[in-house]
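Just so you know, these numbers come straight off a predicted model, no measurement behind them.
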Amino acid sequence: MILTKQEFADKVKNTIKDIAYPYDKRFVHTHLHTEFSFLDGAGKVSSLAKKCADVNTPLVITDHGNVAGTIRAYQACNKEKVPFIRGFEAYIRKAEDGEEEDYEGSYFHLIMLPYTKEGFENINMLSSLGYTEGIKYVAKRPVPVISKEWLERYSSGIVAMSACMFGEISANIWLHYPYLELFKKTNPKFAVQLIRVARKMIEKKKVLTKKSGLTVNDLTDDDVLNLILQKRKLKKLKGILMREANRCSNDDIVSIAIENQEYLDDIVDIIEYYMSIFDFFYLEIQDHNFFEQRLTTLIKRYIVNNYDLGTKLVITNDVHYIEPGDWEVQDVLLCLSTKKVMSDKTRFRFEEHELYFKSPDELMNMFPYLTDSEKIEYMRNSTEVAHICLNYKMELNEIFYPAFDIPEGFANAAEYTMYLCIEGARNISKHMPNNFRFRVFNIIEYEKMRDIVFGNIDFDTALEMVKDEKKQAQIIPMIQESITQSAEDVLLTSLKDKGISLNTSQFDKYKEAIERVIYEFSIIVIKEIPDYFLITKQIIDFARNENILVGPGRGSAAGSAVAYLLGITELDPLDYSLYFERERCCAQILKLVAWFKMKKFR
């Protein structure tokens, strides 16, 4: 949905109204690369977290194409007690196929930051798709590229920003700007000389391929200009063009754009496209002494000021290293990435050494073509972006197991697990008549065992108490007595219903088997992992049905009676005095396991 300025402002206000922001409100680096922008970023996440703690801002990371730095950055931020916002700078494939050898022509950059859990998961999905299905080779380098179809499908919950000069909006501004009209107005002789020299170089350097079927004489002046801007072989001419354009006044630059309404309309269409798919979309502006950046800033500013579009300008610095002197380290990384040596004058490099972690005061000294009030506003908009993203707080201590599709007739995965345990015990006693312990389940009705176990054991309270470390120890006496009582109640009720009497020895052996199953079942429910066991059973069943070799059981869950009854393992834990030790993490569970070992199952 394309919002107006007022609608956008209202949406921002409603999103951040209940979120505290006790940090520096002047500026936040929302476009920042770490060591996980491989062979490009030179800033270590630990050092960046300390830096953010020193200046009292959140750490926002936007590494190239991946989210690999998430865990380390999260831990570093926790240590330094600074908020962490994890996004990434994606590579977006053009709607039409670009020429593979052209850096600018194959993909665009886009910054994405999550502000909801869904947005966090969508960014994970997009990054994964880039590596698993989107790898493209640009200048013989693999790049994880995302299609716009994927972008549209997984855009919810994300704050997006237009990225650097290679973002789609910025690239279209400086690649398609009517330079010749600008030069005809400001320096007509230069325009003529530029095109004449360019035609000679295009022919001399064989810029036109035989496949194109074109000669220099077939090219219009605009065609020649496009080749200057996009072909590496004409890089020197591009530099001359940009230096001449940089001599022009702001008024001349903007007025030529206004006179070319179709050019402006195309830029606005791209902005509206991104606004239509993302909940929040911002236009980045940067200043590292490139004319392309000055041009894109002036055009974006004109559009924001003269069109009723729900977007804002945000100053970023495209941070690749922390201190000014660190540029040499990044330069070495770029050589490794592009397989070039430092002495190669034609290699890709950043001529200006401005991509460090700048202070708000340093940023105020940049953008000489903006007023101080504009700089303050656009810098403050970066804190608005961070404020929105603090709506979602990433947590690594949560475990998210997939949900099993439960058949009708069962309220949850726990009930279905109990049912399958009983059915599994009956199947074992049928095919293994010597296994007398689990034979007792032939007389146990699922509904009655379910009602007794869930009636005796207060799982709801136990689940809440496990989350509170101070209350964990209180679970032991509650569950100890309930497990034993439940096993006895299940056995006595079943014997009574079937009119069966047992001697003391038989009763104790059968009760032992039931008690073991209820004990393990209780741990599984308290740990909230019945789905985990059901999914594992499904995998093992599939393997066996497809004649895929499956062992009898290995690992720390091999001693589980529940796993045995479900058919996951083939080892009877009671026969071999094996103990269920799989799901123990809190002190309460450890003590419970120790208590149960004292029962000395044989």
From CA spacing to verdict: side chain to side chain contact (heavy atoms under 4.5 Å, CB included), Phe88, Thr62
CA-CA 4 Å; Phe88 80 131; Thr62 56; 5.6 Å; no
Between His109 and Tyr91, is the ring-ring contact (aromatic ring centres under 6.0 Å, His included) condition met? List the steps.
CA-CA 5 Å; His109 294 209; Tyr91 300 117; 5.2 Å; yes
Please report the C-alpha distance between Tyr446 and Phe410 in whole Å, then the side-chain angles of each, then the deciding distance to 0.1 Å, and finally whether the ring-ring contact (aromatic ring centres under 6.0 Å, His included) criterion is met.
CA-CA 11 Å; Tyr446 156 70; Phe410 300 93; 5.7 Å; yes
Stepwise, does the side chain to side chain contact (heavy atoms under 4.5 Å, CB included) test hold for Arg86 with Val67?
CA-CA 8 Å; Arg86 190 292 313 266; Val67 292; 3.3 Å; yes
Would you sort out whether Tyr392 and Tyr115 count as a ring-ring contact (aromatic ring centres under 6.0 Å, His included), showing the intermediate values?
CA-CA 5 Å; Tyr392 171 70; Tyr115 79 98; 9.6 Å; no
I would like to know whether Leu390 and Ile19 meet side chain to side chain contact (heavy atoms under 4.5 Å, CB included); could you show each step before the answer?
CA-CA 7 Å; Leu390 290 180; Ile19 307 169; 4.0 Å; yes
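Looking at Thr536, its side chain does come within 3.5 Å of a backbone N or O of Tyr532 through a donor-acceptor pair. Proximity of a side-chain donor or acceptor of Glu7 to a complementary backbone N or O of Gly310 within less than 3.5 Å is not detected. Between the side chain of Asp63 and the main chain of Ser37, a donor-acceptor pair closer than 3.5 Å is present. Glu512 contributes no side-chain N or O that, together with a main-chain N or O of Asp508, makes up a donor-acceptor pair within less than 3.5 Å. Under the 3.5 Å distance criterion, the side-chain polar atoms of Thr34 are left unmatched by any main-chain donor or acceptor of Lys44.
Relative ring orientation between Phe404 and Tyr416 is described as parallel, the plane-to-plane angle staying below 30° on a 0-90° scale split at 30° and 60°. In this pair, Tyr274 and Phe278 present their aromatic rings parallel. The plane angle is below 30°, not in the 30 to 60° band. Relative ring orientation between His64 and His320 is described as tilted, the plane-to-plane angle lying within the 30° to 60° band.
With respect to the salt-bridge test (charged N to carboxylate O, under 4.0 angstrom), the residues Arg437 and Asp572 do not qualify. Ion pair Arg450/Glu445 not flagged as a salt bridge, since none of the NZ, NE, NH1 or NH2 atoms sits closer than 4.0 Å to an Asp/Glu carboxylate oxygen. Looking at Arg516 and Glu520, a side-chain N of the basic residue comes within less than 4.0 Å of a carboxylate O on the acidic one, giving a salt bridge. Between Arg544 and Glu570, at least one side-chain nitrogen of the basic residue sits less than 4.0 Å from a carboxylate oxygen of the acidic one, meeting the salt-bridge criterion.
Of all non-hydrogen atoms in Ile444 and Ile422, the two that sit nearest each other are O-CG2, 4.0 Å. Here the closest heavy-atom approach between residue Leu113 and residue Ile123 is recorded as C-CD1, 3.8 Å. The shortest heavy-atom contact between Phe438 and Leu574 is CZ-CD1, 3.9 Å. Residues Tyr282 and Val12 come closest through the heavy atom pair OH-CG2, 3.8 Å. Nearest heavy atoms, Leu502 versus Gln506: CD2-OE1, 3.7 Å. The heavy-atom pair separating Ser429 from Asn442 by the smallest distance is OG-ND2, 3.1 Å.
Counting non-hydrogen atoms of other residues, nucleotides and ligands closer than 6.0 Å to CG of Asp405 gives a total of 12 or fewer. More than 12 non-hydrogen atoms from other residues, nucleotides or ligands lie less than 6.0 angstrom from CZ of Phe459. More than 12 heavy atoms of other shown residues, nucleotides or ligands fall within 6.0 angstrom of atom OH in Tyr131. The number of heavy atoms from other shown groups lying within 6.0 Å of CZ (Arg426) is above 12.
The cationic atom of Lys11 (NZ for Lys, CZ for Arg) lies less than 6.0 Å from the six-membered ring centre of Phe280 and within 45° of the ring axis. Seen from the ring of Phe108, Lys148 does not count as a face-on cation partner, given the 6.0 Å and 45° thresholds.
No option in Leu492, Leu491, Thr493 other than Thr493 meets the side chain to side chain contact (heavy atoms under 4.5 Å, CB included) test with Ile452.
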